[in-house]
Amino acid sequence: MARRTGRRPGNPDTREAILGAARTAFAERGFDAASIRSIAQAAEVDPALVHHYFGSKDQLFLAAMNSPVDPGELLPAVLAGDPAGLGERLVTAFLRVWDSPAGAAGVALLRSGVSNEWTARLLREFVVTQVLRRVLVHLAVDPAELPLRGSLVATQMIGLAMMRYVIRLEPVASAPPETLVAALAPTVQRYIFGDLTKVPGHPA
């Protein structure tokens, strides 16, 4: 049987070739439609090499995004516990990551996503598939409402990141995390579980 040709495992360009092909596939087709096999074909390597360098498709996507954290490792702790405190835990975890040294990479991604459509597509796929999907799949709410609820949660989290870390609007930029959690968690909680057809504080 003929040996398959392609870049050798030791070639220093192999990893970057895979990442380049992955970024193109994820941006053009989305996370779900992009396959390890098609990415390997575009990079001219055997699919086994993709798994060798990156493991799973999720890990490949995180590497392609240059993500400073793996939501799959952080979110189980957020999802554990009383659902009534999910909004508070979510905002707390978000601030903990962004206030840490890892937040600098997040700021770079946000800046690039705002100015570059290619990066915006990847950022959108990251938010939907790596964060919101992992959270919403565990919720006891109408599945038909999940896309809207997830998008609304994203408006709060990404808006917070923009104002605190990119635009640095005061006093949000220097506010203690507990102040922001107290202010934002009830809204995030309502977006996750509340009645989206009723304005809070107004009669039905």
Side-chain angles (χ1 to χ4, degrees), residues 26-35 56-62 64-65 67-100 102-103 106-107 109-110 113-114 119-166 172 175-204:
F26 290 135
E28 291 183 349
R29 300 196 292 275
F31 177 83
D32 292 331
S35 68
S56 66
K57 186 166 81 166
D58 284 294
Q59 292 301 317
L60 173 60
F61 183 57
L62 292 176
M65 284 291 301
S67 174
V69 296
D70 182 353
E73 296 179 355
L74 297 175
L75 289 175
V78 173
L79 294 168
D82 188 351
L86 179 56
E88 179 178 348
R89 295 193 300 274
L90 190 59
V91 178
T92 299
F94 183 88
L95 287 168
R96 185 180 300 120
V97 170
W98 282 78
D99 284 345
S100 74
V107 170
L109 280 174
L110 269 184
V114 169
T119 309
R121 294 179 187 177
L122 290 173
L123 186 57
R124 183 167 56 245
E125 286 295 307
F126 175 82
V127 170
V128 171
T129 66
Q130 303 301 307
V131 181
L132 297 180
R133 181 181 294 175
R134 293 175 185 272
V135 172
L136 298 177
V137 73
H138 295 281
L139 305 183
V141 296
D142 184 351
E145 296 179 351
L146 292 181
L148 176 58
R149 291 184 183 277
S151 297
L152 290 171
V153 170
T155 66
Q156 292 295 303
M157 310 308 280
I158 300 302
L160 171 60
M162 287 294 296
M163 293 300 106
R164 184 169 172 87
Y165 306 103
V166 179
V172 169
E178 56 268 22
T179 298
L180 298 176
V181 170
L184 296 174
T187 299
V188 172
Q189 186 73 17
R190 184 175 75 85
Y191 286 160
I192 297 173
F193 293 111
D195 184 352
L196 300 180
T197 65
K198 180 180 177 181
V199 178
H202 289 258

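When every heavy atom of L136 is checked against every heavy atom of L146, the shortest pair comes out as CD1-O, 3.3 Å.
In this structure E28 satisfies the side-chain hydrogen bond (donor to acceptor under 3.5 Å, both in side chains) test with no other residue, sequence neighbours excluded. The side-chain hydrogen bond (donor to acceptor under 3.5 Å, both in side chains) test applied to R164 returns D99, not counting sequence neighbours. Applying the side-chain hydrogen bond (donor to acceptor under 3.5 Å, both in side chains) rule to Q130 yields the partners D58, R134; only residues at least two apart in sequence or on another chain are considered. Remark: Y191 pairs with no residue by the ring-ring contact (aromatic ring centres under 6.0 Å, His included) rule, at least two apart or across chains. Residues passing the side chain to side chain contact (heavy atoms under 4.5 Å, CB included) test with V131 are P71, F126, sequence neighbours excluded. Taking R133 as the reference, D32 meet the salt bridge (charged side-chain N to carboxylate O under 4.0 Å, His left out) condition, with sequence neighbours excluded. Residues satisfying the side chain to side chain contact (heavy atoms under 4.5 Å, CB included) test with A120, not counting sequence neighbours, are E117. Applying the side-chain hydrogen bond (donor to acceptor under 3.5 Å, both in side chains) criterion to S35, with sequence neighbours excluded, gives S38.
In this structure, Q189 contributes its side chain and P83 its backbone to a donor-acceptor pair below 3.5 Å. Judged by distance alone, with hydrogens and angles left aside, the side-chain atoms of T179 form no donor-acceptor pair with the main-chain N or O of A175 at under 3.5 Å.
Contacts classified as salt bridge (Lys or Arg N to Asp or Glu O under 4.0 Å) and involving residues 76-85 (residues at least two apart or in different chains) are not found. Residue pairs meeting the salt bridge (Lys or Arg N to Asp or Glu O under 4.0 Å) criterion with at least one member in residues 139-154, sequence neighbours excluded: E145-R149. Within the structure, every pair that satisfies the ring-ring contact (aromatic ring centres under 6.0 Å, His included) test and touches residues 76-99, not counting sequence neighbours, is listed here: F94-W98, W98-Y165. The stretch residues 67-81 participates, sequence neighbours left out, in these side-chain hydrogen bond (donor to acceptor under 3.5 Å, both in side chains) pairs: Q59-D70.
With V188 as the partner, the side chain to side chain contact (heavy atoms under 4.5 Å, CB included) test is satisfied by one option alone out of V91, L86, V181: V91.
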